> 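Okay, here's the structure, questions in a sec.
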Amino acid sequence: MELGLVGLGKMGGNMRERIRRAGHTVIGYDRNPDLADVHSLEELVGKLKGPRVVWVMVPAGAATQSTIDELAELLSPGDIVVDGGNSRWTDDEKHAEELAAKGIGFVDCGVSGGVWGLENGYALMYGGDAENVAKVQPIFDALKPEGEFGSVHAGKVGAGHFAKMVHNGIEYAMMQAYAEGWELLEKVDSVTDVREVFRSWQEGTVIRSWLLDLAVNALDEDEHLERLRGFAQDSGEGRWTVEAAIDNAVPLPAITASLFARFASRQDDSPQMKMIAALRNQFGGHAVESKK
Ligand SMILES: NC(=O)c1ccc[n+]([C@@H]2O[C@H](COP(=O)([O-])OP(=O)(O)OC[C@H]3O[C@@H](n4cnc5c(N)ncnc54)[C@H](O)[C@@H]3O)[C@@H](O)[C@H]2O)c1
Ligand SMILES: O=C(O)[C@H](O)[C@@H](O)[C@H](O)[C@H](O)COP(=O)(O)O
C-alpha cells in the first residue's frame, strides 16, 4: 500500500526504510529538505492515491498539532491520520474530533524501539475504531517485530498512547533500578569488576532484559561512565504517568521516585538539603558544610 510519512528524524527515517523493505510505497515529508521526498505536506497529500493514510512522526505537542491542523485541511473524507509520536493520550480525543469533523479517521499509535527499530522492529500500541485500524494494518504489520507479539490494538482512541505512556513509566523505574544497583556495586571495594557482574546477569537471572543488555553496551563503551555527567532529561511520559496515577488514585511509588530522581539530577546543589541541614543545625546543633 501507499503511506505518507511526516517526520523523518531518528524514528521516521528508519521507519520509512523498514516499511519500504516490506514492499510498500512511502512518500516522506520533513521540514528539513535534506531528509524529505517532497517539499510540502500539500505535495505529499497530492501524490497519494485515496483513501490516503498519513503517519505523523514529529515531536509531540506543537509540531504534531500544527501537522494535524494542516492535514485536516488537505485530506479528504475516508482518509486516515496516524499519530505515532509520543503524544499525550489526552490530545488524541481532540485530534480525533477535529479530523472527524471533516470525515477523516484517526488512530493513535505508541511506538517503542528507538533507533534499533529498523532491524528489531517497532513495538506498536494503537487505539481507534476497528475500521480505521484495519486500513493501517499492513503498515503495522511491516513495522512490528517478527514473531507473535509486539503489537496490540489496545482499545479506543487514546488507548495506544495511554499504553505507551505506562510503558515509558515502567521504563523509567527499570532504568532507575539498574542505575541504583550499578552505583552501589561501584561503591564497594569487594566487587572488583562491576561491568562483568552486569554482563553475567544477561543470562539466567531474574533481571535479564534488553535494558540490561544496553547497560552492558554502555559500560563497554565507557567502563565507569566517566565521560558522562549525571544529568537526565525527560520528555513528558513519566510526568503524565504520575499525573494519571494521581487522577486514578493508583499508588506508583517506584515510577514517581524514578521521575523525581531525574529532577534531582539537574541540580548542582540541593536547595531542600540545605533546609534539612539548616534544620538539623537549628534543633540539634549538628554541623553544616559551607559553600565552597
Ligand atoms: N527517539 C525515540 O527513541 C522515540 C521512540 C518512540 C517514539 N518517539 C517519538 O517519535 C517522534 C519523533 O521522534 P524522533 O526521535 O524521530 O525525533 P527527531 O527529532 O529525531 O525527528 C523529528 C523530525 O521531525 C521533523 N519535524 C519537526 N517538526 C516538523 C513539522 N512541523 N513538519 C515536518 N517535519 C517536522 C524534524 O525536522 C525531524 O527530522 C516524537 O514524538 C518522539 O517522542 C521517539
Ligand atoms: O519506548 C521507546 O522507544 C522509548 O521510550 C522512547 O519512547 C523514547 O526514547 C522516550 O521518548 C524517552 O523518553 P524520556 O525522554 O522521557 O526519557
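The structure presented is a predicted model; accordingly, all values stated were derived computationally and were not measured. Counting starts at 1 for both ligands and their atoms, in listed order.
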> Report, in ascending order of atom number, the atoms of ligand 2 lying under 4.0 Å from any heavy atom of Arg262.
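Result: 14 (P), 16 (O), 17 (O).
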> Provide the number and element of each atom of ligand 2 under 4.0 Å from a heavy atom of Lys164.
1 (O), 2 (C), 5 (O), 6 (C), 7 (O)
> What is the distance from atom CD of Glu70 to atom OG of Ser40, rounded to the nearest 0.5 Å?
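Between Glu70 CD and Ser40 OG, I get 8.0 Å after rounding to 0.5 Å.
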> With atoms numbered from 1 as shown, which atoms in ligand 2 lie under 4.0 angstrom from a non-hydrogen atom of Asn86?
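Going through ligand 2 atom by atom, the ones under 4.0 Å from Asn86 are 7 (O), 10 (C), 11 (O).
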> Short N/O distance, under 3.5 Å, between Gly236 and ligand 2?
no
> Among Ala60, Gly236, Pro59, whose heavy atom sits nearest atom 22 (C) of ligand 1?
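The residue whose heavy atom sits nearest atom 22 (C) of ligand 1 is Pro59.
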> For atom 3 (O) of ligand 1, state which one of Gly114, Ser66, Ser40 supplies the nearest heavy atom.
Gly114
> For atom 16 (O) of ligand 2, find the nearest protein heavy atom and state the residue, atom name and distance (0.1 Å precision).
Tyr172 OH, 2.5 Å
> Give the atoms of ligand 2, by number and element, whose distance to some non-hydrogen atom of Gly114 is under 4.0 Å.
3 (O)
> Just go through Leu8, Asn32, Asp30 and tell me whose heavy atom is the nearest to atom 37 (O) of ligand 1.
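The residue whose heavy atom sits nearest atom 37 (O) of ligand 1 is Asp30.
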> Mind checking whether Tyr29 has a heavy atom under 4.0 Å from ligand 1?
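Yes, that is the case, since the closest heavy atom of the residue is under 4.0 Å from the ligand.
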> Please tell me whether Tyr178 and Ser209 have a donor and an acceptor in their side chains that are separated by less than 3.5 angstrom.
yes
> Among all protein heavy atoms in this structure, tell me which lies nearest to atom 40 (C) of ligand 1, with the distance rounded to 0.1 Å.
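Here the closest protein heavy atom is Val58 O, 3.4 Å.
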> Name the option, out of Met57, Met11, His167, that contains the heavy atom nearest to atom 1 (N) of ligand 1.
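It is Met11 whose heavy atom sits nearest to atom 1 (N) of ligand 1.
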